[in-house]
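The structure appears right after this line, and notes come after that.
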Amino acid sequence: MEYLDLHRTYEDYFWTSYMGDHSVDKKKDEALARRDAFRGSREYLYEAKRLLRSRDTKTRARLRVWIEFFKRYQTPPKALEIKAKIDQLESAILKKKAGRKEGYIDPYSKKFVSASALKMGAMTRTHDDEEIRQACFYAREKLATDSLNEYCEMVALRNQYARMLGYRDFYDFKVQSEDGMTKKELFGLFDTIYKKTKYSFADIRALEKTKPRLRKPWNFAYMMAGDFTKEEDPYFQFEDALLRWGRSFAALSIDFKGGVLTLDLLDRKGKWNNGFCHWPILVHYEKGKRIPGSSNFTCNVVARQVGSGVEGYRTLFHEGGHAAHLLTSEQKDVCLNHEYSPMSTPWAEMQSMFLEEIFASIEWRMRYANDREGKPYPFELFERKARALHPLKPRRLNGIMSVSSFERAVYELKRPTPEKVKAIATRVNKKFSDMSEDSLSLLNTPHIYSWESSGSYHGYGLAELALSQWRAFFYKKYGYIVDNPQVGKEMARVWKLGAQNTFAEFVKLATGKRISPDAFLKEVTMSAEQTIKKAKEKNHRMEKVKPYRKEVDLNATIHLVHGWQEIANNTKSFKDMAMTYKAWILKQTRVK
């Protein structure tokens with residue numbers, strides 16, 4: 001119970017801080033230090049080893065779990081001192097980013113326009129005026145360097161920490177300790193994918209001949225998909241997201257096992273600018289009885305911003321998938337029921353990304369995505385989009401590989417400096433994006449500033465490979481995935497194992513095969529016509545699947561909040577909560 005309490009205390013402060021109240025930062029860092037001290041306790045490790053000799057078989061098995069856990073976190077006292085400095089730097093960077101002035105210079109009035117980094121990112125992708133898009137791009141470029149000195153200092157300290165533990169650098173420490181791989185193995189896999197898909201760069205350059213200035217970084221997303229983003233927007237109004245998400249999860253028979261969910265979904269100043277999911281109360285057992293856990297997850301929907309609604313849907317499926325994963329665990333030892341090691345990052349991300357892919361599927365969109373007049377998402381729109389965006393499909397992993405390659409190169413620096421880091425950022429971005437202008441956008445990736453997520457971004461890439469494999473498995477076995485309760489039940493069977501297995505073991509357990517890039521490469525190198533044909537076959541199969549019409553019950557207590565204000569809950573019913581939240585969103589945006 002001691003670890004459970006230490007974990008919850010830190011997570012409560014973490015949520016408060018990341019939601020914008022930095023008055024608790026000192027307490028957060030102190031709570032983190034106490035939690036880390038427990039993990040790295042030599043006394044507890046020795047005591048667990050001593051007890052191992054005098055216990056029954058079941059107890060010995062559980063003691064071995066804790067022995068491995070404590071061994072994983074053994075840290076020399078001097079390294080703990082360095083970790084404390086790193087934690088303080090992280091808090092300082094978080095506070096600086098939360099309090100900074102964000103916005104762009106209007107190219108016509110020359111006046112400063114206040115806008116969050118997320119809003120400017122959306123405007124770069126969707127605004128019709130190139131001058132405005134360019135202004136937002138350069139404003140974000142400036143924001144990319146606001147914590148560069150602190151970042152360099154933090155990289156040096158993280159490397160120092162890793163070397164004290166016997167690793168070459170911090171990235172080496174992360175990939176070996178979390179994923180059981182070497183950097184050579186990981187990037188050998190990524191290099192194979194890059195080589196087999198880089199032909200798409202030539203396709204984009206050829207397309208630029210008919211779309212001048214396409215490869216300008218403030219034009220690329222807009223010219224490739226901006227019209228589609230606007231055309232799709234009516235089908236993904238965020239006020240309807242909650243009920244559609246709930247119905248989808250219920251149709252999959254996803255069960256949160258009595259857990260408590262707290263969702264904070266709208267953007268506001270000072271709030272952390274990236275979605276995440278954490279679990280303050282871990283699933284645990286008291287006197288043999290399973291006690292449900294709790295989960296907090298968040299995103300930054302900009303109300304009424306074109307394209308922002310669909311990002312909110314993605315978060316509900318992605319972070320909701322994370323929440324379901326660990327709230328479903330049935331492991332008696334709490335160290336197997338959280339997102340931290342020994343939980344594998346790619347295995348955790350595989351769950352959330354798999355459910356996000358359900359939302360992205362044409363089957364889901366044609367069944368669930370209606371506009372305000374009730375008209376369903378048109379297949380004709382999907383077909384046009386599939387043809388127009390086909391050159392982008394092979395590049396699906398490039399963003400993930402670029403962040404991973406950037407961090408690898410930064411941590412391999414003998415002495416990180418702002419100039420060296422910026423040079424790496426522009427070089428790596430150029431390699432994986434092939435834009436005609438340099439960009440420091442990699443420095444705007446929130447993950448690189450956090451201990452838990454830094455050096456772990458490759459997990460999304462490994463998860464992408466595994467989820468492609470899992471999707472292929474389910475389609476072959478059942479013929480469909482959306483609204484298939486058997487899919488949810490199969491997922492729950494591996495979710496209940498918590499962090500009991502390694503990523504490789506879990507993938508084999510779930511799909512019957514070892515992890516391979518084959519399914520992914522088959523999917524992303526498919527022709528546009530093949531993609532459309534497959535989509536038609538999937539939709540035809542869904543005609544035989546009855547829509548979910550029952551009341552939504554996810555077996556969870558759910559709170560919808562905005563900062564410290566509770567907007568709605570499911571005390572009466574999920575539908576009542578969804579309608580209350582919808583009315584609140586419409587009131588915020590003054591849409592009648």
Which atom of L440 lies closest to which atom of E141, heavy atoms considered: N-OE1, 2.8 Å
Flag side-chain contact, heavy atom, 4.5 Å: H278 against Y18: no
Flag side-chain contact, heavy atom, 4.5 Å: D434 against I204: no
Step-by-step salt bridge (charged side-chain N to carboxylate O under 4.0 Å, His left out) determination, R168 to E412: CA-CA 8 Å; R168 294 175 66 87; E412 288 178 352; over 6 Å; no
Minimal non-hydrogen separation, M19 against R268, with atom names: O-NH2, 3.5 Å
Flag for Y167-N159: side-chain donor and acceptor within less than 3.5 Å: no
Where W272 and L94 come nearest, the two heavy atoms and their spacing: CE3-CD1, 3.2 Å
Validation row: R140, S441 side chains within 4.5 angstrom (heavy atoms): no
F432 ring center within less than 6.0 Å of Y194 ring center: yes
Heavy atoms of other groups near K198 NZ, more than 12 under 6.0 Å: no
Any side-chain donor near an acceptor of the partner, E339 and W279, under 3.5 Å: no
Over 12 non-hydrogen atoms of neighbours within 6.0 angstrom of NZ in K119: no
Parallel, tilted or perpendicular, as decided by the 30° and 60° cut-offs, for the rings of Y151 and F406: parallel
Any side-chain heavy-atom pair of F220 and S433 under 4.5 Å: no
S116 and E102: CA distance, side-chain angles, deciding distance, side-chain hydrogen bond (donor to acceptor under 3.5 Å, both in side chains) verdict: CA-CA 5 Å; S116 71; E102 295 182 345; 4.9 Å; no
Polar contact flag, side-chain donor to acceptor under 3.5 angstrom, D483-Y368: yes
Distance flag, aromatic centroids of Y313 and F317, threshold under 6.0 Å: no
Pair F170 and W451, ring centroids less than 6.0 Å apart: yes
Minimum heavy-atom distance D169-D172, with the two atoms named: OD1-N, 2.7 Å
Salt bridge R514-D518, side-chain N to carboxylate O under 4.0 Å: no
Closest contact, heavy atoms only, G312 versus C299: CA-SG, 4.3 Å
F503 side chain near D179 side chain, heavy-atom distance below 4.5 Å: no
Donor-acceptor contact present, side-chain S436 to main-chain R215, <3.5 Å: yes
Candidates F506, Y460, F354, W495 - the one meeting ring-ring contact (aromatic ring centres under 6.0 Å, His included) with W347: F506
Exam field: side chain R541 to backbone Y480, donor-acceptor pair closer than 3.5 Å: no
Residue pair E130 / R213: nearest heavy atoms and the distance that separates them: OE2-NH2, 2.7 Å
NZ/NE/NH1/NH2 to OD/OE distance under 4.0 Å, R387 and E383: yes
S352 and H318 side chains, donor-acceptor separation under 3.5 Å: yes
Main-chain N/O of Y171 paired to K183 side chain as donor or acceptor, under 3.5 Å: no
Criterion side-chain hydrogen bond (donor to acceptor under 3.5 Å, both in side chains) on E178 and S456, from CA distance to verdict: CA-CA 8 Å; E178 291 184 357; S456 300; 2.9 Å; yes
Exceeds 12 heavy-atom contacts within 6.0 angstrom, atom NZ of K508: no
Donor on one side chain, acceptor on other, Q176 and T182, under 3.5 Å: no
N-O pairing of E90 and R158 below 4.0 Å: yes
Full working for side-chain hydrogen bond (donor to acceptor under 3.5 Å, both in side chains) between K271 and T298: CA-CA 10 Å; K271 181 181 176 183; T298 178; 3.2 Å; yes
Pair R367 + E363, salt bridge at N-O below 4.0 Å: no
Side chains of V494 and L509 in contact at under 4.5 Å (non-hydrogen atoms): yes
Donor on one side chain, acceptor on other, E311 and S308, under 3.5 Å: no
Any donor-acceptor N or O pair under 3.5 Å, side chains Y411, S454: yes
Main-chain N/O of P446 paired with S450 side-chain donor or acceptor, under 3.5 Å: no
R372 and E239 ion-paired at < 4.0 Å: yes
Within-4.5 Å side-chain heavy-atom neighbours: M526 and K534: yes
S405 side chain vs S402 backbone, donor-acceptor pair below 3.5 Å: no
W245 side chain vs L316 backbone, donor-acceptor pair below 3.5 Å: yes
Residues E231 and R384 bridged, charged N to O under 4.0 Å: yes
Ring centers of Y478, Y475 separated by less than 6.0 Å: no
N337 side chain near L326 side chain, heavy-atom distance below 4.5 Å: no
Evaluation steps, side-chain hydrogen bond (donor to acceptor under 3.5 Å, both in side chains), between T197 and K393: CA-CA 9 Å; T197 58; K393 204 170 182 182; over 6 Å; no
Parallel, tilted or perpendicular, as decided by the 30° and 60° cut-offs, for the rings of W364 and F359: perpendicular
Within the 6.0 Å centroid threshold, strictly below: H447 and F276: no
Backbone N/O of N370 and side chain of R244: donor-acceptor pair under 3.5 Å: yes
More than 12 heavy atoms from other groups under 6.0 Å of NZ on K230: yes
Side-chain ion pair, R396 and E523, N-O less than 4.0 Å: yes
T502 side chain to E505 backbone, donor-acceptor under 3.5 Å: yes
Any donor-acceptor N/O pair, K196 side chain to D191 backbone, under 3.5 Å: no
